[in-house]
Amino acid sequence: VQLQASGGGLVQAGGSLRLSCAVSGRTYSSYATGWFRRAAGKEREFVAAIRGSAGRTYFANSVKGRSTISRDKNTVYLQMNILQPDDTAVYYCAVAPNIAAPPSEYYTQEATYDNWGQGTLVTVSS
């Protein structure tokens, strides 16, 4: 399985970015894709996720209402709007096998994901 994250860059506060995660080596309906981020000096944290065929989505409270996650076959997109300096981080995408009845918060946990991409840097200037 290979994941290629892209779309990061420098944006002013209030702006938008769309991150992409291209996945190869798995059938898209068989896995969930998550986005996590790590800001300088902080732990990596969950941002958003989308499950395989069901398309159910999950968002961290910090981005809920100003972000969307979508999928076009084996590419997952994270659209982030009204970006703030606190959104500055390296963003990582990862995949996890779909399971039939996941526990609550299952797809928000790092340990759920078994393959990770290399990360793309998002910098939001004030």
Tell me whether Tyr92 is reachable from Val124 by hopping between hydrophobic residues (I, L, V, M, F, W, Y) whose side-chain heavy atoms are closer than 4.5 Å.
no
Under 30°, 30 to 60°, or over 60°: which ring-plane class applies to Tyr107 and Tyr58, parallel, tilted or perpendicular?
tilted
Show every salt bridge (charged side-chain N to carboxylate O under 4.0 Å, His left out) that has at least one partner inside residues 106-126, sequence neighbours left out.
Arg26-Asp114, Arg44-Glu110
Are Tyr106 and Tyr31 grouped together when hydrophobic residues (ILVMFWY) are joined by side-chain heavy atoms under 4.5 angstrom apart?
no
Are Val47 and Leu17 joined in one hydrophobic group, where the rule is that I, L, V, M, F, W and Y side chains link up if heavy atoms are under 4.5 Å apart?
yes
Sorted by chain and number, sequence neighbours left out, salt bridge (Lys or Arg N to Asp or Glu O under 4.0 Å) with Arg18 holds for none
Taking all non-hydrogen atoms of both residues, which atom of Arg71 and which atom of Gly55 are closest, and how far apart?
NH1-CA, 4.5 Å
Arg38: partners by salt bridge (Lys or Arg N to Asp or Glu O under 4.0 Å), with sequence neighbours left out
none
Which heavy-atom pair separates Thr112 from Ala96 by the least distance, and what is that distance?
O-CB, 3.3 Å
Over all heavy atoms of both residues, which pair between Ser20 and Trp35 is shortest? Give the atoms and the distance, please.
O-CH2, 3.5 Å
Counting heavy atoms not belonging to Gln84, are there more than 12 under 6.0 Å from its CD?
yes
Is it the case that one hydrophobic cluster holds both Ile50 and Leu78, taking links as side-chain heavy atoms less than 4.5 Å apart, direct or via other members?
yes
Which pair of non-hydrogen atoms, one from Tyr113 and one from Ala32, has the smallest distance, and what is that distance?
CE2-O, 4.2 Å
Single-linkage hydrophobic cluster Leu19~Val76, side-chain heavy atoms < 4.5 angstrom
yes
Return the minimal non-hydrogen interatomic distance between Ala13 and Pro85, and the atom names on each side.
CB-CD, 4.1 Å
For the atom pair OG (Ser16) and CD1 (Ile82), what is the distance rounded to the nearest 0.5 Å?
7.5 Å
By the salt bridge (charged side-chain N to carboxylate O under 4.0 Å, His left out) test, which pairs, at least two apart or in different chains, include something from residues 82-98?
Arg37-Asp87, Arg66-Asp87
Between Ser125 and Leu10, the two heavy atoms sitting closest are CB-CD1, 4.3 Å
Test log, rule side chain to side chain contact (heavy atoms under 4.5 Å, CB included), inputs Thr33 and Tyr77:
CA-CA 10 Å; Thr33 305; Tyr77 302 98; over 6 Å; no
Quick check for you: to the nearest 0.5 Å, what is the distance between Ile99 atom CD1 and Arg51 atom CZ?
7.5 Å
For the residue pair Ser30 / Asn98, report whether a side-chain donor-acceptor contact shorter than 3.5 Å exists.
no
Test side chain to side chain contact (heavy atoms under 4.5 Å, CB included) on Leu3 and Asn115 and set out the steps.
CA-CA 8 Å; Leu3 293 83; Asn115 284 278; 3.8 Å; yes
Test of understanding: with ring pair (Phe, Tyr, Trp, His ring centres under 6.0 Å), list the residues that count as partners of Phe59, not counting sequence neighbours.
none
Can you name the residues that form a ring pair (Phe, Tyr, Trp, His ring centres under 6.0 Å) with Phe46, not counting sequence neighbours?
Phe36
